[in-house]
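For reference, the structure discussed in these notes is given below.
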Amino acid sequence: MQYFQALKLGQKRVAASREYLNKITNNRAMPALALRDTKSSIWEPVGEENYYAIVDESSGFVLTDTSGYIVSLCDKDGFSKTIVQGVTKEQKDMLVSQFQKDGIPEFKGKVILPV
């Protein structure tokens, strides 16, 4: 796929995921990655599917924001499409409950966040 085609499709998928996350977080969601890093010259958009992931320091990340968790909606390979930072434990629990109610599965692998 050509770069601009992959980017446009990825941006569309990011926007859809962000719209959903904004709806359940009072418009706190930020866009993340539109393209996958394939370590080659092939351009691929992030996947269409949504998985949720809760990121904290036990995930191997050093969070500079000490005010809580990062909640990510990512594709099946862990590429984050949208994130919310500074989520408290209570907010995290409510979001996980909402994800489960909406049928969004949990991502169990290593989440890829924007730098």
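What's counted below: heavy atoms across the whole structure, side chains too, no hydrogens, waters or symmetry copies.
- Partners of Glu49 by salt bridge (Lys or Arg N to Asp or Glu O under 4.0 Å), not counting sequence neighbours: none found.
- With respect to Lys92 and Glu90, no salt bridge is recorded, no charged nitrogen being found less than 4.0 Å from a carboxylate O.
- Residues Tyr69 and Lys89 have side chains in contact (heavy-atom distance under 4.5 Å, counting atoms from C-beta outward).
- No donor-acceptor pair under 3.5 Å is formed between the side chain of Lys81 and the backbone N or O of Ala15.
- Looking at Asp75 and Arg36, a side-chain N of the basic residue comes within less than 4.0 Å of a carboxylate O on the acidic one, giving a salt bridge.
- Clustering of Ile, Leu, Val, Met, Phe, Trp and Tyr by side-chain heavy atoms under 4.5 Å joins Met1 with Leu9.
- Tyr52 pairs by the ring-ring contact (aromatic ring centres under 6.0 Å, His included) definition with Phe99, not counting sequence neighbours.
- Residues Lys76 and Tyr51 have side chains in contact (heavy-atom distance under 4.5 Å, counting atoms from C-beta outward).
- Looking at every heavy atom in both residues, Leu113 comes nearest to Leu33 through C-CD1, 4.4 Å.
- When the side-chain contact (heavy atoms from CB on, under 4.5 Å) test is applied to Ser97, no partner is found at least two apart in sequence or on another chain.
- Hydrophobic clustering (side-chain heavy atoms under 4.5 Å, transitive across Ile, Leu, Val, Met, Phe, Trp, Tyr) groups Val71 together with Ile104.
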*Phe79 vs Cys74, side-chain contact (heavy atoms from CB on, under 4.5 Å): CA-CA, chis, key distance, verdict*: CA-CA 5 Å; Phe79 288 92; Cys74 58; 5.7 Å; no

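- For the ring-ring contact (aromatic ring centres under 6.0 Å, His included) test, residues two or more places apart in sequence or in another chain that qualify with Tyr3 are Trp43.
- Nearest heavy-atom pair, Ala32 versus Ile83, reported as atom, atom and distance to 0.1 Å: CB-CG2, 4.5 Å.
- Considering only heavy atoms from C-beta on, Ile112 stays 4.5 Å or farther from Asp37 through its side chain.
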_As a quick check of understanding, evaluate side-chain contact (heavy atoms from CB on, under 4.5 Å) for Ser80 and Val111, giving each step before the final call._
CA-CA 7 Å; Ser80 293; Val111 179; 3.3 Å; yes

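- Applying the side chain to side chain donor-acceptor pair (under 3.5 Å) rule to pairs touching residues 18-28 yields Tyr20-Asp102, sequence neighbours excluded.
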_side-chain contact (heavy atoms from CB on, under 4.5 Å) for Ile70 and Val87? Distances and angles first, verdict last._
CA-CA 6 Å; Ile70 295 174; Val87 176; over 6 Å; no

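- The cluster map of Ile, Leu, Val, Met, Phe, Trp and Tyr, joined by side-chain heavy atoms under 4.5 Å apart, puts Val96 and Ile24 in the same cluster.
- Nearest heavy atoms, Val84 versus Ala29: CG2-CA, 3.7 Å.
- Listed for the Thr82 side chain is a donor-acceptor partner under 3.5 Å among the backbone atoms of Met30.
- Shown here is Glu106, whose CD atom has more than 12 heavy atoms of other residues, nucleotides or ligands within 6.0 Å.
- Nearest heavy atom pair, residue Asn50 against residue Ser17, reads OD1-OG, 2.8 Å.
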